[in-house]
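One structure is given below, encoded as structure tokens.
So you know, we letter chains A, B, ... as the sequences are listed, proteins then strands, and number each from 1.
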6 protein chains.
Amino acid sequence: MSDFNQPLSGNEMPRFGGIASMFRLPVQTTADGLDIALVGVPLDSGTSNRNGSRYGPREIRCESVLVRPYGMATRAAPFDSFQIADTGDVALNTYNLEKSIGIIEEHFDRLLSTGAKTVAMGGDHTITLPILRAQARRFGQMALVHVDAHADINDEMFGEKITHGTIFRRAIEEGLINPEKMYQIGLRSTGYAAEDFDWATDRGVEITMAEQCWYQSLAPLMDDIREKIGPDRPVYLSFDIDGLDPSVAPGTGTPEPAGLTTSQGIEVIRGLYGLNVVGCDLVEVSPPYDPSGNTALLAANLIFEMLCSMPGCVRRS
Amino acid sequence: MSDFNQPLSGNEMPRFGGIASMFRLPVQTTADGLDIALVGVPLDSGTSNRNGSRYGPREIRCESVLVRPYGMATRAAPFDSFQIADTGDVALNTYNLEKSIGIIEEHFDRLLSTGAKTVAMGGDHTITLPILRAQARRFGQMALVHVDAHADINDEMFGEKITHGTIFRRAIEEGLINPEKMYQIGLRSTGYAAEDFDWATDRGVEITMAEQCWYQSLAPLMDDIREKIGPDRPVYLSFDIDGLDPSVAPGTGTPEPAGLTTSQGIEVIRGLYGLNVVGCDLVEVSPPYDPSGNTALLAANLIFEMLCSMPGCVRRS
Amino acid sequence: MSDFNQPLSGNEMPRFGGIASMFRLPVQTTADGLDIALVGVPLDSGTSNRNGSRYGPREIRCESVLVRPYGMATRAAPFDSFQIADTGDVALNTYNLEKSIGIIEEHFDRLLSTGAKTVAMGGDHTITLPILRAQARRFGQMALVHVDAHADINDEMFGEKITHGTIFRRAIEEGLINPEKMYQIGLRSTGYAAEDFDWATDRGVEITMAEQCWYQSLAPLMDDIREKIGPDRPVYLSFDIDGLDPSVAPGTGTPEPAGLTTSQGIEVIRGLYGLNVVGCDLVEVSPPYDPSGNTALLAANLIFEMLCSMPGCVRRS
Amino acid sequence: MSDFNQPLSGNEMPRFGGIASMFRLPVQTTADGLDIALVGVPLDSGTSNRNGSRYGPREIRCESVLVRPYGMATRAAPFDSFQIADTGDVALNTYNLEKSIGIIEEHFDRLLSTGAKTVAMGGDHTITLPILRAQARRFGQMALVHVDAHADINDEMFGEKITHGTIFRRAIEEGLINPEKMYQIGLRSTGYAAEDFDWATDRGVEITMAEQCWYQSLAPLMDDIREKIGPDRPVYLSFDIDGLDPSVAPGTGTPEPAGLTTSQGIEVIRGLYGLNVVGCDLVEVSPPYDPSGNTALLAANLIFEMLCSMPGCVRRS
Amino acid sequence: MSDFNQPLSGNEMPRFGGIASMFRLPVQTTADGLDIALVGVPLDSGTSNRNGSRYGPREIRCESVLVRPYGMATRAAPFDSFQIADTGDVALNTYNLEKSIGIIEEHFDRLLSTGAKTVAMGGDHTITLPILRAQARRFGQMALVHVDAHADINDEMFGEKITHGTIFRRAIEEGLINPEKMYQIGLRSTGYAAEDFDWATDRGVEITMAEQCWYQSLAPLMDDIREKIGPDRPVYLSFDIDGLDPSVAPGTGTPEPAGLTTSQGIEVIRGLYGLNVVGCDLVEVSPPYDPSGNTALLAANLIFEMLCSMPGCVRRS
Amino acid sequence: MSDFNQPLSGNEMPRFGGIASMFRLPVQTTADGLDIALVGVPLDSGTSNRNGSRYGPREIRCESVLVRPYGMATRAAPFDSFQIADTGDVALNTYNLEKSIGIIEEHFDRLLSTGAKTVAMGGDHTITLPILRAQARRFGQMALVHVDAHADINDEMFGEKITHGTIFRRAIEEGLINPEKMYQIGLRSTGYAAEDFDWATDRGVEITMAEQCWYQSLAPLMDDIREKIGPDRPVYLSFDIDGLDPSVAPGTGTPEPAGLTTSQGIEVIRGLYGLNVVGCDLVEVSPPYDPSGNTALLAANLIFEMLCSMPGCVRRS
């Protein structure tokens, strides 16, 4: 049907059988020849509370076997549109967060140098900083759509400048992200100080609190964001699974009550279709806190939706 | 109060005590004298992904002890309206799916021959095909209301014609169901091919995708379905627990994100009241993936709602 | 910043470190000097179904370490507004429910005698009766806002007058609560008899069934309740975690499907701000049924919201 | 084959199917016509630490479906030797421990009055006191073999005379048990005071600490006990599952490390064969702490071994 | 160091990173060039009780990442001795047990035809019959060492001739195994009939009951078995994880109390060194009942021990 | 009875109630006035496989509430012998392993400077290096008794010199430990290289493999070790919970099959009585992998045994 890599079908091998690669796609160690490189970043040493997201990529792969190749509501056909493969994981140094930042950065430089785009699976949110550095080197300053329970704009945590709670402050300071084209969705709950969000909003970041999302579709919000960003500007999507409610995503490290519904999360990703999305990540899935595997399964579906929103993904008539 | 079987009260025996029959009702091995026969079908050899629904009937019985006899919002009183008993399980052959189909079919022929209606607990969705065959022999071609994440209308899976993903194609082909009076609610997520749903819609099946349900009551949809079916036509309800969101029903074999809420599931069942419902099933509860028991508890409540929607169920003034 | 007790910061001690007191506040055995006394009541011998809420206070404390001091949406700053401490648990007699009722009553008399208000963590709902007795002795007859799946107004259970399902009948009979200013929110599911709710509604209790809450904000309901109660009347909030849906609060003893969303639960608590709230409790968290800890984490956040709704809690500009 | 009740075979109904009665035997509400009455006592209000054993009888029944009718090593055939049935559970009052003691006592008086012997499933260890009272009324003062991590001979706990930790002191004081023919096996770990065991040993109780059992068969110990008791004296066996190591029996309320192995537990029961065993119980299985069900499965097997050690149980040649 | 495939080291990629192949070895779809082919057989439709072993191969691979290349006690170096790879899974038909038997048989014929030996991961024990057929075609009638709680020599189950409980009867009838050189170790618990084991022992099978193993090393038993088999006769090892005690291997479908210790299981495998082992399998790991993953981890270690006992495996000096 | 701090009794406060300090002892932030300081070190960034031991100290405290004050077999009375308190946790930097090493070192310097001895709860095994540095500064070069599945003497891991697998190499290199008085017990399973253990044994370290321990008491081994160390030499005990078998200690990060039994672990600790024990630690309890809490409960009991083996601990007559 297609010349591109196809997921191994459930009619060729039962879904519970075979090596668990992402979406049951072929595995290759470089991004050569790819339009989109799926890549795992099993880092969790930047985590302040429950850890375990080091097992995120493995578990997401295991649960991704249930994802089939076509989106039923969007009629999107990513595997007919792009050459996609599982490029394995970054070989980071779990004992040293600083060195790992460098390793991740170089790894993404290498992947991006082939012309492929990357869709990354964390690991904790710290991974997004080195990814953004590599992305910005390639695509320039980007717009950012950021789903999360937390703003991740602390100046430091425990005296450290790079942790899973400080990365977007760094990304703005380093000019990787244009704060006036940065959209945070799902923030909520409790904070360290009254001025927690002021630093960002003062720089133009637009925050949509979870409270503003309750009981309604986010399609209008995304229409608005799409218009504000415009079709050409490079956009990065960083999706922290804890932006969603703990009932749908229990397997994460810093869960906060009353988050987004799954449908809202999907609407955010689908709402990016038509933009110049240049990269995505899905972070903070922590399998030790996800015994059912359903958080990882959700993550796999969200990553599928990301593929469907990549520019050029065909929709079946 | 009533001459009918009554659930053993929590004031006679603590809820955690006593033999776990469905709704703590008496157990009998035939349907003799019953208006409604509750029956378990512990088959899971038709399952393509996670299995374990063989333990569904047992677990639903265990959790059903918390269900009390009166519906508080509907004011329905099923145990004052019908003679109901737990008729145990079908003694199927777990090693041979084809033989089990025959065993189930005969078992339901036998139950229905007494004049009782059946409310079945799965087991995987494969059980619905032999049940529909027996039902159609007794009631003729039926309308179908079908809650599910999946259409279950594949032509074959792994070369097999009867599995949990092909049954409604068979039911339509065999004339058990009138596709022009068939309503599928909650379908979503990913599919094998672009034309996955076309076969059904070409035959008149009406599909309401989960996306069409998000953020709203399904009462209007059910008003519409009720009108389309009309009060006399025999209707069968097949409720796959995976139609609901994995957050409310984690204990199932092929969970798909962003499904129906529990309230929507209840609205579908309540929306059948007034129709000529001739049988129901609740399938795909998989206890190994339901350590809290809450999926089974939900299933027990949904089965209670099915009893409340049976024609003739009185509502207290 | 403030002279009041402050939660130990995650920048002073990692969240996973240190003794787990409530909100990482100092522990003291009396209420001397406090505006608000946090207190655990680890009683679960009044439970009719699954027990285990005896571990509720301990688990809520353990999960409360993630709660930070400022409400991001409300901009409330409870720890800048009140002197709050963890006053430990009531030393109840787990073998004798009747004696425990007396012990709890005396313990709350003692706490309240210092002028502090109490926010209690259960334990099963039985604890609310002795608390209300002590509260009424101090504040007179109160209005009640009651979130729950169950009305808890049975006359007796298994012949006993005091259990977790009879307490509000006792509270009304004893005049602790004014039934004409009593608001029950989230009731649903199945009941023992047709007249289950009549006793209460006959006395003026206003019931908002879960069905009336589905798909919408409860802010309007709370506006109405706030107006009906008025700013001066003493109000008690009793929040049974099973008022919320089992998907968000699986760790409880008598879960009922299709309950309130977390956001609705939060709206109820936030909706009390402006009233003369004189005490609160959060009950029925059962850790053995909450392996992820997320029910306890939710409970900790709801208790934080209770602090934010106490009269006098400042909001940051 | 036999005229006695036979367990429903796995070749008639799959093991995962059918109503879960004990050993898949018929259920009857009295002991009429029985040699041995299996009976559940779902009481856990006498528990000092983790509770949940109220679900013990139900879970043991559910897991007992795997037990087949013949002992392979002993060649014992209990269902060819005795008329045995599941007589359901005692309808105790979960809110009032004292009343429950009376209810249990009367229930066992009634069962024993038919001439049947009883094998009881707890529930916490408190149930053994009322059972012993009924047993002593029928059989006179008994010898006791007691497997446990704890001596359960405290004078009182929290001021109460009857709890799961005081029952054998009461049983000796009341003359139900002859302390000079009382054998406690598996005691270990930590105690309240230096003299914890002295009260018992001063009265002639023989204690075999777990330390004396490590790394060796208990068959010699049982030979000795058998000789000391003699073939005619009525003997009661009380088996607290926490006598075994937490690795084999995690699902219990007060686990203590370094307990007996399963094989040692079995040797104790098998070692009773040849004695005049007049009753048995298996207590303290707590399903909320037994998610795998393997503690309940072990309990079901131990109860099967009890049946095999009852006087008159034939061994196949 | 070695020209053979080496496991990816934990110093090249963290153990939690990378694609989870067996022992982190390269994956290839045929056995070409291999001395030993690791292969998964994710079949569980032959299971009579708890199922889920369809996920056995995947989970064993996931946990095998912790296994390092050298045996510390044996000083065995399998990856310096053999060319070994992960050859993926058999694409069986999960809906049809009979067809799957044929598919497995052909798959092993194909693997063995390259000259490789196979080490298989189940899946339920039914897989051993088609494997033995392929093995016997290549190696002739074999001796068998069989670790299990069950003899698996029923004539039929539920009328079926091929299930996980009948395979060794079939294997003897078909002449695949020489019953006079067949050694069953660990049998125990309860059986269907008095004569359950007679069929086998009448044909010369040597059974070592679990009772004969308690509290002691199995090294002497293995010395004896090794002598009886002799160094040249082809030997197959079939290791059902339920031969071990449920405390060490909870994740299995028909657990039986009082089984072998892990050390005894290892001694059996190590005791085969010096024999002409021509194939092995490890079956009945059921991940849904193994939430900790430790049963799968144990299985991975046992499979490593199997590699170490293969003829020709060098031991470091 | 005693002037020393006493654990809060279960007769004063139910075991499930109250703030969870270690052994329910008073909490103080310094070691002033103490004979023994209990201290938590919630570090897990040195972990190579599963992490989560950051929650070790909290969970061990929670489960320690069941430990009573007297050892029944040893008749040891540590709380009558020493002034002991819970001194809370080290405030380490979870993002930076190197800084944390320094913080731990200083913290122990401070504790030891008061004259107290320390008993530490991990955290991963990396914590033992900074503790040993502080201990050696105070007590000089020490003998070491080390229970573990792993030797932890790698030169580096992933290029890092300090991780949970390299610490004893560093401790020997730095002269903290005398390798000729170093005893490793329980090592087993698989290693990185043939010479893994040679570095240590070449320096005089005495290794007792798990294989040498199977099926027997370790009391003779400890008699030998006690004699070799002699009564005066300062001895440190480092107890990695993974030295024990995964069946008794599933909640750990790098479990290895066929480890020591609990009784053997206890014998090692009891076997130190009579030596000049100057400090102890218990490491690698990982609560996310210990849902039952029984690994933490075991750890609490082992720490109690450590207190009982401290020089000067009285034994009741």
Do B:Arg50 side-chain atoms and E:Gly52 backbone N/O form a donor-acceptor pair below 3.5 Å? no

Cut-off 4.5 Å, heavy atoms of chain E, and the answer for B:Thr94 is both

Closest non-hydrogen contact found for B:Pro288 with E:Tyr289 is CG-OH, 3.3 Å

Contact origin within E:Asn96 toward chain B - heavy atom pairs under 4.5 Å: side chain

Toward chain E, the part of B:Asn49 with a non-hydrogen atom under 4.5 Å: both

Side chain to side chain contact (heavy atoms under 4.5 Å, CB included) with E:Tyr95: which of B:Ile162, B:Leu97, B:Thr166? B:Leu97

Taking atom CD of B:Glu98 as the centre, does the number of heavy atoms from other residues, nucleotides or ligands within less than 6.0 Å exceed 12? no

Between B:Thr47 and E:Arg54, which heavy-atom pair has the shortest distance, and what is it? O-NH1, 3.2 Å

Measure B:Ser48 against the heavy atoms of chain E and call it side chain, backbone, both or neither at under 4.5 Å. both

